Amino acid sequence: MNLTKQLTQKMHINSSKPAHFFKEKPNTALQINPISECKHLIEFELLNLLVKQTAWLDTQAQREIVQLIIKSKKHEFYVKNLIHRLEMVQHKIEISTLRYSYKQLKNLSSMVSEFFQNEFNACPDALPADVLNKLYHTGYLSCRLPVISLPSGSNKVKRSKLSYHKWWFKKLNKKINQQRELLKIAIGSIHLYNQKYASNEAVKAYKRRVAAEIKYLSEVKPRNSKTDWNGYISTLRPADQRRFAEFITISKGIEKRADALGLVSSFLTLTLPPEYHSHPLNGDSSKWEGLSPKQSYKKLINIADKLNKVIHKMGLYNANNFFSIKIVEPHHDGTPHFHIILYYQADYKENIKSAICYQYGDHSFNDKSNLYNLIDIDRTISTPTYYLCKHFMFSNEEKMKNNIRVATNKSIWGMKSFAFSGLPRGAKSIWKLCRKSRFSEPRNITEAKLIKFSCEGDFEKFMLVLESAIKSESITLKYKSSISKHGELIKTVIDIQFYSPSSHNIEKILPVKEETGFLRSNLKEKVNFEKNQPNLYKNPTPFHIEIKKSFFKKHNLSIIIKEEKFSLVKVVTNKSKVEKKITVFNKINSHLKNIIKKANNLIFFQKVY
């Protein structure tokens, strides 16, 4: 006996009204739609409205709605909120591609990339944006494609990406997964009393992906040429545990550094208004505007960035007297919120409170606000660092019950687990490079100390050494530039570059000849004149060049100028002892312009006529 018959008999037995009272007029939509199984739980008008609102959904989603209505305690209250949520997300979800398998999605990606290849071959000068609009408006595909944003980069890069099937597969797969999760949020599957943080379907997919990665890594056996290590990657600690160890180490180092500087600490919580929450604790989601957790995350990032800029303008970051540790954590319905620990000088507390309330449009700090909260921390009683990491995912699921669901939520919506501010520039990159170089021979005392403290996990002392090196301008990161398969310029950190501050000593002001204006610098730089050299060119093209002092220190360069009219110039790299001779002033122009442009230190560069 099906559910409808059971409910009908029960209502007939418990009612004094005749059976024909419960018979509605035949409705074709009700007979086809699985929602009709709930016709004895809600009013007939409300049921018709629900049927119309769920007509765009597939059978799988409709049957899931039926189960949720039956389980709910207040059927009509739940249905009214459900109708509102479905109205908010209907235009954001393409149901035709929502259940695509891997093979179907792969075929779809190939068809789309082939469309762009044909269009660009037919018209090489076509703008990528115009071709993308043409794809969505010409009905080229049999299904409605989820809206994919135009890729970044030059037109050449955009054409390359749009014509590449793997790029489309990655974008479509991510977009469809997010739409599938958004539908789960809208129908009410993800909330405190059902599936917290993420849907069961998404959690299973996340576990499969993690298992596949582990299986692949178990077969990889690399060799480290620096350490002569040779073994399987699967024998190393899992990535989630390494991230947790990194977070704890850096957080405790910041905490010790703040104690040494005599800074006070406060615990800041940033949340969002009701229009971002699909399932508040009271169950009333009538204010929700269909905003996804990704949109909520971007809004929080915007608030936190503006708050950070205000704090910068206050001067709190001066002399390294301000630090913060930020953690993103989802509510039970998947909507994120931020927990931030602030370390600052006690005199600035009121200024910080004013900056916080300003981000939410309040004229004064509201201690009872539901959007923000600032609590002072007594570090003699407890430390807040371990509270921040309560939702870090461990490989062993038994240790933390909800970690896998939180990790799934962050993975689907692209949320970064934690971030720090107030650290020396490049601190995390230098920390990782030093730990990788623990078996290498240190090049100087500074590098030896950095390697020692990073391998010991003492981030406080590591920060002290790094701050001193940055202050003396004797350390920088070395980048490697490469071109991707789409033609993009990619820069990656490959090493730490050290240089002696003594090579930047200022000895002499470069003289400026106003009548010729061959070379002018805004720094006192070391200049050697060697006269009586042959004049290679009678009429060299003059230039005005102004260069910041930091440029020479960053690139470890000194300019040696020969000839009274500066016809011959040597650019000497002190580290590698390589001399690059440039004999024509237009070559000086192109050479220095290319180098200085990368460092963004060119103040003025033009011909003088």
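Since this is a predicted model, take the numbers as computed values, not measurements.
Residue pairs meeting the salt bridge (charged side-chain N to carboxylate O under 4.0 Å, His left out) criterion with at least one member in residues 278-305: none, sequence neighbours excluded. Among residue pairs with one or both ends in residues 181-192, those qualifying as salt bridge (charged side-chain N to carboxylate O under 4.0 Å, His left out) are E64-K184, K184-E201; sequence neighbours excluded.
Under 3.5 Å, the side chains of S324 and S421 contain a donor-acceptor pair of N or O atoms. No side-chain donor from either of H165 and S109 sits under 3.5 Å from a side-chain acceptor of the other. When only modelled atom types and interatomic distance are considered, Y78 and K73 share no side-chain donor-acceptor pair under 3.5 Å. Side-chain atoms of N81 and S285 form a donor-acceptor pair, as typed in the model, at a separation below 3.5 Å. A side-chain N or O of N308 and one of Y317 form a donor-acceptor pair less than 3.5 Å apart.
Residues passing the salt bridge (Lys or Arg N to Asp or Glu O under 4.0 Å) test with R209: none are found, sequence neighbours excluded. Take R425 and apply the side chain to side chain donor-acceptor pair (under 3.5 Å) test, not counting sequence neighbours, and it matches no residue. Not a single salt bridge (Lys or Arg N to Asp or Glu O under 4.0 Å) links E460 to another residue, sequence neighbours left out. For F338, there are no ring pair (Phe, Tyr, Trp, His ring centres under 6.0 Å) partners at least two apart in sequence or on another chain. For D458, the side chain to side chain donor-acceptor pair (under 3.5 Å) test picks out no residue, with sequence neighbours left out. Qualifying side chain to side chain donor-acceptor pair (under 3.5 Å) partners for N366, counting only residues two or more places apart in sequence or in other chains: none. A search for side chain to side chain donor-acceptor pair (under 3.5 Å) contacts involving D376 returns S266, K349, not counting sequence neighbours. In this view, Y193 satisfies the ring pair (Phe, Tyr, Trp, His ring centres under 6.0 Å) rule with no residue, not counting sequence neighbours. With sequence neighbours excluded, the residues forming a salt bridge (Lys or Arg N to Asp or Glu O under 4.0 Å) with E94 are R144, listed by chain and number. Scored by the salt bridge (Lys or Arg N to Asp or Glu O under 4.0 Å) test, E456 finds K452 as partners (sequence neighbours excluded).
No donor-acceptor pair closer than 3.5 Å links the side chain of D362 to the backbone N or O of Y358. One N or O on the side chain of K92 and one on the backbone of G290 form a donor-acceptor pair closer than 3.5 Å. In this structure a side-chain-to-backbone donor-acceptor pair under 3.5 Å is present from Q295 to S292. Between the side chain of W168 and the backbone N or O of L162, at least one donor-acceptor pair lies under 3.5 Å.
Aromatic ring centres of F244 and F247: separated by at least 6.0 Å. For Y297 and W413, the ring centers are positioned 6.0 Å apart or more. You'll find the ring centres of H332 and H279 outside the 6.0 Å limit.
Enclosure of atom NZ in K326 by more than 12 non-hydrogen atoms of other residues, nucleotides or ligands within 6.0 angstrom is indicated.
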